Amino acid sequence: MSHSPALPFDLSGIHLQPGQGLARQLYQALRERILDGRLVGGTRLPASRELAQLLGISRNTVTRALDQLYAEGYVAGRVGDGTYVAELVRQRPLPAPTPSNVYGSPALQRLQQHHLTPPPVEAPRAFRIGVPAFDLFPFQTWARLQARFWRKPALARLGYGDPAGDWRLRELIAVYLRNARGLECDPRHIVITCGAQQAISLCAQLLIQPGDRVAVESPGYGAAGHAFAVAGAQVCGVALDNEGLQVEALQGIDGCRLVYLTPSHQYPTGVTLSLPRRLALLEWAKREGGWIVEDDYDGEYRYSGTPLAPLAALDRQQRVIYVGTFGKLAFPALRLGYLVLPPSLAGAFAQRLALDMRHMEIGTQAVMAEFIAAGHFQRHIRRMRQAARARRDTLLREWPQAIPGCAPLPAVEAGLHLCVRVASLAREQELVSTARAAGVEMNGLSGYWLPDSQVPEDARAGLVLGFAAVPEVQIIDAVQRLRQAWKLCL
Ligand SMILES: Cc1ncc(COP(=O)(O)O)c(C=O)c1O
């Protein structure tokens, strides 16, 4: 056997941390260098005594690392001649992904154009939108119910469950919807989802063919539009007025297959869809064979007047898909929502969900079922409604009277946020950026319109303020900071 020349052996970059398995660290460092080619095949490793000295560790440790490399074939011993790096077919590092090769297929390209901006991860501040008063959630009760469930779960519930979700929870949701929302439904047609977003996304996956047209409110809930666009839909914005979605505009959208909307409390303008418009929309669905996706994301928050029955409660043709969420009553990270489906669709939705994820995790479903059955849910809804109303009142009371270029706040009868018009886009951006600089969260209405909206730029301006996320003192403090930032009389 010929002696290979002793090749240079570079130990730079090997920093072993005492007390954390020195042999394992050395093994990993050497293996990494062999795999990425820094140690080429045929390189002779220093003798174990020498290596131990260079690294300041015991010879025993080095021997253990080398034994492992030897056992796995990374190094080979030559009798009487030391240890050599094995000749391996090296894996070349992949070229850095470029946008063109990552987003090669049409589906991936659509995803590149329609993704969600990650929301802020810090604790809520005034005036965050989309979150309820989750500081009031009864965590102790929830923890107790969780502990009770997991202490001795029925074994039958620990295998794969029904893809449509936990039966007891579906029964309780059906009872709740009947009593609270006037919606008669059969638990067999309810599918439990990971929040409203998954429910909307399932509609997009199952009811849309690439190229189909889908109508959404503009301004509206962007995440829903994205879900339909990623499924290949051509998303068309429909304007609103003080009765909500202008249903007659659907005639102008040839081949429209589906309408997504938030009729109880339009997101983000807060308009309620009038009864004549509801009936006109149902008529459209019947005539065109179209689907209506009704997102009732914050329907529980009504402060005055009687809520209108959901579209699903008026639907005689089985064209409405009702989307509900626990995210606005408990907290968004719970990721629990549901669909109430026409009987003809319930099986398909459950099957699709089974392929995606089998079903939602059992613990949260079972605990929510117990939370409802024991009466905590109803109590919590009352508490949340009261808190949201008090926080709304504080905002309405504290908000400055005359902000140049900003309309007075509207009356707010429902929901967790309000929307106020601003005279121009430039003024909106000025108000938003100075508010943010003062540590107050603020969203411009202009960000909620579809890009192809025909509405003039300045008519799209406004502010969207979530009022439920934080207690009254924080609302008062935020308004105070706004007065200073916006240079208003204090
Ligand atoms: C209109 C609307 N629909 C649905 C959702 C999402 O609900 P979930 O958290 O249950 O996915 C939101 C969240 O803010 C929303 O504003």
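Bear in mind the structure is a predicted one, so any value in this text is a computation, not a measurement. Each ligand, and each atom within it, is numbered from 1 in the order the structure gives.
- Under a 3.5 Å cut-off, the side chain of R421 and the backbone N or O of A459 do form a donor-acceptor pair.
- Ring centroid separation for the pair F377 and Y176 comes in under the 6.0 Å cut-off.
- Legend: residues meeting side chain to side chain contact (heavy atoms under 4.5 Å, CB included) with R148, ordered by chain and number and at least two apart, are R144, L145, E370.
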Give one line per pair: atom of ligand 1, protein atom, distance. Only N/O to N/O under 3.5 Å.
from     : atom 1 : to   : atom 2 : distance (Å)
ligand 1 : 3 (N)  : D295 : OD2    : 2.5
ligand 1 : 9 (O)  : R335 : NH1    : 2.8
ligand 1 : 10 (O) : A196 : N      : 2.7
ligand 1 : 10 (O) : T325 : OG1    : 2.5
ligand 1 : 11 (O) : A196 : N      : 3.1
ligand 1 : 11 (O) : Q197 : N      : 2.9
ligand 1 : 11 (O) : R335 : NH2    : 2.9
ligand 1 : 14 (O) : K328 : NZ     : 2.7

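- Scored by the side chain to side chain donor-acceptor pair (under 3.5 Å) test, D212 finds no partners at all (sequence neighbours excluded).
- In terms of the side chain to side chain donor-acceptor pair (under 3.5 Å) criterion, residue partners of D356 (sequence neighbours excluded) are, by chain and number, R352.
- Residues Q317 and P342 form no side-chain contact, since every pair of their non-hydrogen atoms from C-beta on lies 4.5 Å or further apart.
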